[in-house]
Amino acid sequence: MTTSLLIDALKSHGHAIKSGHNPTVFACNQLIHLYSKHGLIKDACKVFDEMPDRNVFTWNAIISAHIKSNNLDQSELLFDAAPHRDSVTYNSMLSGYANSEGYETKAFGLFKQMHSVRHDARVDEFSLTRMCNLAAKLRNSLYGKQLHSFMVKTGNDLSGFAVSALVDMYSKSGCFNEAYNAFNGCNHGSVDVVSKNAFVAACFREGNVEMAMEVFTNRGELNDVVSWNTVITGHAQNGLDKNAIELARCMDENGFIWNEHTFTSVLNACSSLKCLSLGKELHARILKQTTINLNSNPFISSGMVDVYCKCGNMKYAESIHSRYGSNNMFSASSMITGYSSQQKVSQARNIFDSLTLKTPVVWSAMFSGYLNCNCCENVFELFHILNQQQTSVVVPDDSVWCSLLGACGMQAVIDPGKQIHGYILRTRIQTNVKTVSSLIDMYSKCGNIQYALRIFKRAEVKDSVMYNVMMSGFAHHGYEQQAFDLFDEMVKDGFTPDEVTFIAILSACRHSGVVKTGEEYFRSMTERYNLTPEIDHYACMIDLYGRANELKQAMEFMRKVPIELDVVILGTFLSACKLHSNLELAHEVEEEVLRIGGESGTRYVQLANVYASEARWDDMGRIRKQMRGNEAGKTAGCSWVHVGSKVHSFTSGDSSRFENESLCSVLQFLIMEMNEKQEIQICS
DNA sequence: GTAGGGTTAG
């Protein structure tokens with residue numbers, strides 16, 4: 001039966017009842033309930049208004065009807081006006097308050113009132129579980145514990161409703177052990193599926209996948225669609241995306257039909273895996289399944305958009321976004337991130353500008369997008385726009401600070417970085433560990449390793465990213481020993497080194513030329529930490545051998561790299577050949593260099609320079625000729641300084657500016673400062 | 001004879 005047919009049927013039903021000579025109060029109450037259930041609040045009100053007699057059921061029905069239609073103020077008016085009130089009236093109102101944003105205080109007030117005077121509305125299991133849900137929503141375990149005590153005292157702690165509410169409250173407010181006790185303290189034989197699902201979700205929240213699956217599997221006959229969705233989501237949230245997909249297929253095989261929650265989680269796992277074929281399969285499935293469509297739920301359309309964005313298929317993403325998700329913030333932020341990851345920053349900005357209402361998620365996506373595209377000036381410009389917003393709804397959050405600090409680091413401009421740091425300190429806003437890492441990185445990249453270290457030492461909460469940032473800072477500033485010490489400290493403090501840690505530590509090795517140490521770290525990467533070296537790690541090792549004039553080993557190592565060599569690796573090797581005047585080995589890789597790196601002019605120039613440095617003009621000429629044939633060109637790398645509002649850039653060997661006396665003296669000063677390596681210690 | 005409560009997605 002379609003919705004309109006249903007509504008017609010309801011209305012004629014209502015008409016029949018009302019046209020009867022004496023519709024009973026009971027019949028009218030039923031009608032109010034029916035209308036409300038189908039979203040026909042106006043019809044429900046009409047019945048209520050026209051009733052000559054009403055009883056407590058009537059008042060409860062109309063109050064609930066208004067709560068259901070999200071009109072809390074109207075239900076409040078009726079609650080106050082009601083001549084009869086019982087515990088159902090109170091509990092309905094309590095539910096309304098507890099579920100709505102901004103009415104939490106009223107919920108507490110009403111609950112307190114129930115404790116005191118009314119003898120017709122005592123606190124019961126309904127009220128207690130509702131308050132438990134509120135404590136869960138507010139993540140307030142202290143209040144939750146008080147409720148729990150009261151529940152035990154009044155014998156209201158053992159039903160399925162009570163157990164699920166307690167498990168959920170404890171888990172969401174970060175007390176897994178209490179959730180465990182609440183679940184295991186009840187009689188296991190009578191555990192119902194909702195409590196079980198709540199506890200499985202609690203285990204996943206705690207990261208205990210093993211326990212979650214044990215509970216899920218135990219008494220599997222209880223499992224329902226929510227149970228399956230819980231384990232699928234749980235795996236996806238714990239980074240086990242492949243398992244999440246497998247479980248979803250398993251759910252199919254067990255005869256459970258995917259619902260909106262299932263699709264949302266599977267889409268989420270699919271976008272993490274960046275698997276386009278699976279994405280297309282899911283898309284087809286959504287189009288085919290009659291109970292679901294892209295329009296039925298914003299989670300589904302934005303999830304689908306996100307999958308296509310992560311897979312780089314912006315055409316498909318755009319078609320779904322423009323049709324179903326143009327006002328959805330999650331869909332929009334996926335689009336912004338998707339376009340930025342392809343360096344299409346103006347398309348990203350178009351999506352951003354098309355939104356009338358911008359949430360912090362969208363702002364943060366645009367900030368990161370600009371940073372990703374190296375558009376530092378746009379990062380600052382966007383911050384300016386953010387500050388000019390009339391509404392104070394969006395305040396800069398950690399992700400905004402990270403983007404701004406990232407832009408400062410990228411441009412090596414310390415002053416705006418210091419201003420942001422100062423702002424954070426002055427306003428005493430709470431910052432998370434990511435912002436602290438960004439501050440460390442900013443100071444390090446702007447040349448002030450002392451400040452970076454000071455912030456690192458003072459950070460109360462550290463994570464492995466923060467260690468990596470600090471370690472890279474040490475490596476770049478030539479404090480190799482400190483980098484090695486920090487590596488040990490990181491391990492001692494219980495953090496596991498990851499791929500980025502090894503980039504930092506191998507960089508430290510190559511800068512200090514400690515081949516043996518580098519080899520040991522590289523070995524430990526696979527043998528001890530079970531990590532797979534990536535192209536950058538191999539590049540570090542080749543550079544390490546190359547700088548130490550162990551070109552034969554470099555060559556040998558290069559031949560053993562299990563992935564295809566890239567231009568960076570070959571370029572690194574060529575630099576070493578030039579440094580140690582080894583033309584023979586340069587010759588050996590020449591063909592490969594030009595095959596892989598031929599598209600950009602960089603490698604041609606590099607190769608030509610190797611020959612030129614040894615006055616091998618014929619070889620150099622040969623390469624230059626090929627270069628012209630390929631229309632290759634090389635953009636010169638440069639350094640720059642900010643003086644006032646001007647940026648002065650310098651390329652290697654450019655002496656045209658040295659006529660400027662003040663510039664010369666600044667340069668001398670800088671050289672002096674660089675030579676005086678400052679003493680720093682990492683242990684306080 | 002009516003009405004109020006729990007679990008899974010940003």
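Numbered from 1 within each chain, the chains take letters A, B, ... in sequence-line order. Since the structure is predicted, the reported quantities are computational estimates derived from the model, not experimental observations.
With sequence neighbours excluded, the residues satisfying side chain to side chain donor-acceptor pair (under 3.5 Å) with A:Thr291 are A:Gln289. Listed by chain and number, the residues in a side chain to side chain contact (heavy atoms under 4.5 Å, CB included) with A:Val225 are A:Asn229, A:Met251, A:Phe256, A:Asn259 (sequence neighbours excluded). Partners of A:His283 by ring pair (Phe, Tyr, Trp, His ring centres under 6.0 Å), not counting sequence neighbours, listed by chain and number: A:Tyr308. Partners of A:Ala248 by side chain to side chain contact (heavy atoms under 4.5 Å, CB included), not counting sequence neighbours, listed by chain and number: A:Ile232, A:Trp258, A:Val266. For the side chain to side chain contact (heavy atoms under 4.5 Å, CB included) test, residues two or more places apart in sequence or in another chain that qualify with A:Cys203 are A:Phe176, A:Phe199, A:Met211, A:Ala212.
Listed nucleotides B:dG5, B:dG1, B:dA3 differ in distance to A:Arg130; the shortest reach to its side chain belongs to B:dG5. Comparing atom distances between the A:Ser164 side chain and each of B:dG4, B:dG6, B:dT8 picks out B:dG6 as nearest. Out of B:dG4, B:dG6, B:dA9, the shortest distance to the side chain of A:Thr264 is found at B:dA9.
Taking a cutoff of 4.0 Å between a charged side-chain nitrogen and a carboxylate oxygen, A:Glu318 and A:Lys344 do not qualify as a salt bridge. The pair A:Arg219-A:Glu221 counts as a salt bridge, with a side-chain nitrogen and a carboxylate oxygen less than 4.0 angstrom apart.
Using a 4.0 Å heavy-atom criterion, one finds that A:Asn297 contacts the bases of the nucleic acid, with or without backbone contacts as well. Here A:Asp86 lies in heavy-atom contact (under 4.0 Å) with a base. At a threshold of 4.0 angstrom between heavy atoms, the contacts of A:Ser227 with the nucleic acid are absent. Residue A:Ser159 is classed as having no contact, given no heavy-atom separation below 4.0 Å to the nucleic acid. The residue A:Asp124 sits close to a base: some heavy atom pair falls under 4.0 Å. A:Thr230 comes within 4.0 angstrom of the backbone, heavy atoms only, and of no base. Using a 4.0 Å heavy-atom distance criterion, A:Thr233 is classed as a sugar-phosphate-only contact.
The base of B:dG6 sits within donor-acceptor range of the side chain of A:Ser195, with an N or O pair under 3.5 Å. The base of B:dG5 sits with one of its N or O atoms less than 3.5 Å from a complementary donor or acceptor on the side chain of A:Glu125. Judged by distance alone with a 3.5 Å cut-off, a donor-acceptor contact links the side chain of A:Ser302 to the base of B:dG10. For A:Asn268 against B:dG10, no side-chain N or O and base N or O form a donor-acceptor pair under 3.5 Å. At a cut-off of 3.5 angstrom, counting only N and O atoms as typed in the model, there is no donor on one side facing an acceptor on the other between the side-chain of A:Ser92 and the base of B:dG4. Not a single donor-acceptor pair, N or O on each side, falls under 3.5 Å between the base of B:dA3 and the side chain of A:Asn29.
The shortest side-chain heavy-atom distance between A:Ser171 and A:Glu206 does not fall under the 4.5 Å cut-off.
Atom CZ of A:Phe199 is separated from atom P of B:dG6 by 21 Å (rounded to the nearest Å). At whole-Å resolution of the value, CG in A:Asn99 and P in B:dG4 are 14 Å apart. Between the NE2 atom of A:His84 and the C1' atom of B:dA3 there is a distance of 14 Å, rounded to whole Å. Between A:Asn197 atom CG and B:dT7 atom C1' there is a gap of 5 Å when expressed in whole angstrom units. Per the geometry, CG belonging to A:Asp168 stands 8 Å off C1' belonging to B:dG6, to the nearest Å. We find that CE of A:Met213 is positioned 14 Å from C1' of B:dT8, with the value rounded to whole Å. Taking atom CD of residue A:Glu260 and atom C1' of nucleotide B:dT8, one finds them 12 Å apart after rounding to whole Å. To the nearest angstrom, C1' of B:dA3 lies 15 Å from CH2 of A:Trp59.
Put simply, A:Phe299 rests on the base of B:dA9: the two rings are less than 5.5 Å apart at their centres and nearly parallel, under 30°. Under the stacking criterion of a centre-to-centre distance below 5.5 angstrom and an interplanar angle below 30°, A:Phe126 sits stacked against the six-membered ring of B:dG4.
The side chain of A:Gln237 contributes an N or O atom lying less than 4.0 Å from OP1 or OP2 of B:dG10. Distances shown here put a side-chain N or O of A:Lys172 below 4.0 Å from the OP1 or OP2 atom of B:dT8.
Residues of residues 313-331 of chain A that place a heavy atom closer than 4.0 Å to DNA chain B, in numerical order, are A:Phe330.
In A:Ile257, the CD1 atom is not crowded: 12 or fewer heavy atoms of neighbouring residues, nucleotides or ligands sit closer than 6.0 Å.
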